[in-house]
Amino acid sequence: MTIYNGKSIQKGIAIGDIFCINKKNSVIKAELVKDSQAEKERLNQALEVAQKQLSDLYQDAVSVVGKEKAAVFEIHRMLLEDPGFTDGINQWLAKGFKAEYAVYQAKEQLLITFGNLEDDYIREREADIADVSQRLISVLIGTKEMPHEFKEPVILVAEDLLPGEFIKLNKSKILALVTAKGSVTSHTAVLAKAMNIPAIVDAGSLQFAEIHGESGIVDGFTGEFLVDADSRTLAEKLEKQSSWQNSQQELLELIGLKNVTADGRTIEILANVGSVEEAEEALLQDAGGIGLYRSEFFYLSCSRYPTEEELFENYKALIRKLGDKKVIIRTLDIGSDKKADYFQMEAEENPALGNRAIRMCLHRPDLFKTQLRAIFRASAEGNVGVMFPLITTLEEVVQIKSLMEEVKTELQAENIRMGNPQTGIMIETPAAALISDELAEEVDFFSIGTNDLAQYTLAADRQNPQLGNLHDSCHPAVMKLIQMTVHNAHEKGITVGLCGELAADTLFTETWLNMGIDELSVAPSHILSVRKAVLEIK
Ligand code: PEP
Ligand code: MG
């Protein structure tokens, strides 16, 4: 038996076969083939498929971000026809190598040549060459880097997973998640929590090749990942699993009860979700509404920019599911660890401090307005709030409001039905908390995102597992900023919620009530445990 110790992000016990995704192994090997002519045909077919993908991406992107920004897909498509690129591939094919390897080598050589040039424009093309080669290789391999489907339920083990990778997996067959890296407030951890599967991050150096296919146990209480456990340990864990399942069953008895303390204080408990399916689960757990719809996960599940109509249908389905309960749609919070290739984001030295969330949306008003139009239209269907992430300045809020006005005027002029959503912002930077008195004048509600607020206040990258003690702690500085925000919100007569991972930590439930927080928004699997904590407060 081998035991790895990591940090637990979701309680529970899972027992099953281990499936390792080792992205490090996805190196293209130098393989020779017998029939170079057949390989050439394979390459030609792959070129056709990749070109078709890129022209589709171009068409879709034009309608969302305009011709200028969409042009990158056209450039990529043209690169696939450029003899400067294809001649290099053919030379490697002629040496008898497999097409994947020929593309890989042609790319490497071009990058070396480009690297020696001074011209800025050509340097910019390096990223395009790398991108387009990867697309061609993916088409040739015929698979993505990792499987989207698993035949049998598995314990999924990986070095690390980006939210964009995780979202594309078929999660019905994932019993538990273990990553060698990662941190408790990373977005992948947030997604695992939403799935309510036992999950461990920062499990150290996992021996992928040795453990793949072995039987494993994930203990989401202790943070242990056990491989090939002996029969005594297995029996212990099975018992623990069954008593956990019983306690979860008991929580269901709290469905229908109010979130009220013994001395009569109440607090709303809403759900954080990333999809309509998760909202269904939230309703089963008796959520008072959706306090945070992470709308970027829909974008991450797409391979091109979603259209206004697709976004509208997504929001409408969510809002209708909730009936008259509140739904807060947070606008696109992409960037940093949440990336989709088609956004073509520039590489940044410090992405968490970079062009993410509202900053990116304000830099790309066409993209932002498409989302706002869809939200305004869908908000006619129910009780909706629209919320903006990562605010740092008053000017951002002024700019957002002016774009919202533009969108409303356009929709009115087009005679398109729309609602009148409440407007809120996330308080997740120290700057926003410190000027929350001014910001409160501009909006209807605040929602405090403690994951980012802790990251930015404590200067501790939420992706970095070595700083784990800072991520989940309730540092006095973070507490002071929360208290200040609540005070300023209430002074100006607006409501304030808490939607970071700390909202679900029942050690602090009484603290939030004492501070006067109006609502807590937590992963669906935590709603009833937080309700239990509220009911137990004297
Ligand atoms: C937060 O930062 O606390 C938050 C809720 O937003 P996200 O985790 O999606 O960044
Ligand atoms: Mg955040």
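Just so you know, ligand 1 is whichever comes first in the structure, and atom 1 is the first atom listed for that ligand.
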For the residue pair [X] and [Y], what are the closest heavy atoms and their distance?
X	Y	result
Thr331	Ser295	C-OG, 3.5 Å
Lys339	Leu300	O-CD2, 3.5 Å
Ala176	Val218	CB-CG2, 3.7 Å
Pro430	Tyr456	CD-CB, 3.6 Å
Pro465	Lys7	O-NZ, 3.5 Å
Ile527	Gln285	CG2-O, 3.4 Å

Inset, instruction - Hey, could you give me the CZ/CD1 distance between Arg359 and Ile391, rounded to the nearest 0.5 Å? - result: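 So the gap between those two atoms works out to 9.5 Å.
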
Legend entry - Chi angles and distances behind the ring-ring contact (aromatic ring centres under 6.0 Å, His included) call for Tyr342, Tyr299: CA-CA 10 Å; Tyr342 65 90; Tyr299 285 78; 7.5 Å; no

Legend entry - Total protein N/O/S atoms whose distance from the Mg ion (ligand 2) is less than 2.8 Å: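 N, O or S atoms of the protein closer than 2.8 Å: 2.
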
Inset, instruction - Indicate yes or no: does Asp341 engage Arg304 in a salt bridge with an N to O separation below 4.0 Å. - result: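 Here Asp341 does not pair with Arg304 in a salt bridge, since their nearest N and O are not under 4.0 Å apart.
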
Can you pull every nitrogen or oxygen pair between ligand 1 and the protein closer than 3.5 angstrom?
| unit_1 | atom_1 | unit_2 | atom_2 | d |
| --- | --- | --- | --- | --- |
| ligand 1 | 2 (O) | Glu428 | OE1 | 2.9 |
| ligand 1 | 2 (O) | Asp452 | N | 3.0 |
| ligand 1 | 2 (O) | Asp452 | OD2 | 3.0 |
| ligand 1 | 3 (O) | Gly449 | O | 3.4 |
| ligand 1 | 3 (O) | Thr450 | N | 3.0 |
| ligand 1 | 3 (O) | Asn451 | N | 2.7 |
| ligand 1 | 3 (O) | Asn451 | ND2 | 3.3 |
| ligand 1 | 6 (O) | Arg330 | NH1 | 3.1 |
| ligand 1 | 8 (O) | Arg294 | NH2 | 2.9 |
| ligand 1 | 8 (O) | Asn451 | ND2 | 3.0 |
| ligand 1 | 8 (O) | Arg462 | NH2 | 2.8 |
| ligand 1 | 9 (O) | His187 | NE2 | 3.2 |
| ligand 1 | 9 (O) | Arg294 | NE | 2.7 |
| ligand 1 | 9 (O) | Arg294 | NH2 | 3.3 |
| ligand 1 | 9 (O) | Arg330 | NH1 | 3.2 |
| ligand 1 | 9 (O) | Arg330 | NH2 | 2.8 |
| ligand 1 | 10 (O) | His187 | NE2 | 2.9 |
| ligand 1 | 10 (O) | Asp452 | OD2 | 3.0 |
| ligand 1 | 10 (O) | Arg462 | NH1 | 2.9 |

